[in-house]
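Notes to accompany the following structure.
In each ligand, atom 1 is the first atom listed, and ligand 1 is the first ligand listed. Just so you know, these numbers use all the heavy atoms, side chains as well, and skip hydrogens, waters and symmetry mates.
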Amino acid sequence: MTQETPAYNNGVTPTCTLSVIVPAYNEEEVLPIFHQRLVAALAGVPGKCEVIYVDDGSTDRTAQLLGELHLVDPLVGVACFTRNFGKEEAMSAGLRLARGEAAVLIDADLQDPPELIPAMVQAWREGAEVVNMKRRSRGGETAFKKATAHAFYRVINKLSEVPIPEDVGDFRLLSRRAVDAMNQLPERGRFMKGLFAWIGFRQTTIEYDRDARAAGVSKWRYWRLWNFALDGITSFSTAPLKVATYVGMLSALGSFCYAFYFLFKTLTVGDPVKGFPTLIVVILLVGGLQLMATGVLGEYLGRMYIESKRRPLYLMYDYQAPSINNAESSTGSQGSN
Ligand code: UDP
Ligand code: MG
């Protein structure tokens, strides 16, 4: 093992080699096949593994299925949220519950093939602390989704101070140190792709072909994706605030020039009362710019308001820990939504 002794800065002593974290929201159709393929893939990983399923307030039988898996498979730990908090929150919960020397985040819908996990572990053994999985192709996704995703990465990379790798989703491996670093970030606005880039550490990238969803439907509608993109941009850049300033300055400068032009014209050739069109155009333009700038301010202010309430990121029923670790045994209610 080429890993140096990590500084465990949040006091977690690893009890197994690898934690696999799986956020699941209404995934009853795909869960059984997913678990089967995952367990088969984990056989290729040297050392003990645990699988942490985070049920993100599913309204179908996901929670029951996970409860059953926990009873029959000692690798399985299950956390159930009290409602749908979102994938970023589910991944954050998984990272806090993970007891492995490394953790892998993977979607439940088999778009990220579990068979790649041994290669990720290998890359970690060779010294990487974060193993990013880059999609060479995206199966089963519309041209529009691919184009908007591409545009999003371009915009955010222009604006953000830390480069966010394009086409790298949430499928990745983090070393214990990287997990501890993630767990120390206090913010509520959790744009995970940005946070993973922000923590730094030795990162490496493996390319793979992304499959289409095995069953069920995507939970990301375009409005949700748009809000997700806004979250990403506002949590990693203050550039839009500056844009408002510069656009304001430019328009003020333009107005000055225009004013001088009119002054000059009136003094030289005189000006009978005309100019209503110019007036209305200028009023609308300036009004629009002001509204836009206020809107940008509002986006940031709203997020500051949410952060300032300091609510917990998520609420969940008791964690049913995997029994391989036999440190904590399963307790409490079986959290079905
Ligand atoms: N997911 C979640 N909470 C949500 C939405 C999604 O935990 O509110 C999970 C979902 O169960 C899946 C993963 O996040 O394991 C990716 O979701 P999905 O496949 O719907 O997204 P896409 O691949 O279309 O981006
Ligand atoms: Mg998916």
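- Looking at D109, V30, L225, D56, it is D56 that brings a heavy atom closest to atom 4 (C) of ligand 1.
- Taking the six-membered ring where tryptophan is involved, the planes of Y314 and F81 are essentially parallel, since the angle between them stays under 30° and well short of 60°.
- Close contacts of ligand 1 with G86, meaning ligand atoms under 4.0 Å from a residue heavy atom, involve 3 (N), 8 (O).
- H70 and Y53 have their aromatic ring centers separated by at least 6.0 angstrom.
- At a heavy-atom distance under 4.0 Å, no atom of N26 approaches ligand 1.
- Looking at D109 and the Mg ion (ligand 2) together, the shortest N, O or S contact belongs to OD2.
- When each atom of ligand 1 is checked for a heavy atom of E27 under 4.0 Å away, the hits are 10 (C), 11 (O), 12 (C), 15 (O).
- Taking 2.8 Å as the criterion, D107 does not count as a coordinating residue of the Mg ion (ligand 2), since none of its N, O or S atoms falls below it.
- Remark: ligand 1 and P23 share an N or O pair separated by less than 3.5 Å (distance only, no angle test).
- Close approach of ligand 1 to A108 is summarised as follows: ligand atoms under 4.0 Å from at least one heavy atom of the residue are 15 (O).
- Counting only distance, with no hydrogens or angles, the side chain of T62 and the backbone of S58 share no donor-acceptor pair below 3.5 Å.
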Inset, instruction - Verify side-chain hydrogen bond (donor to acceptor under 3.5 Å, both in side chains) between Q203 and N132, making sure each step is shown before the conclusion. - result: CA-CA 7 Å; Q203 305 216 355; N132 297 313; 2.9 Å; yes
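- Between F228 and F152, the angle of the ring planes lies from 30° to 60°, which puts this pair in the tilted group.
- Geometrically, R37 does not engage F34 in a cation-pi contact, judged by NZ or CZ lying under 6.0 Å from the ring centre and within 45° of the ring axis.
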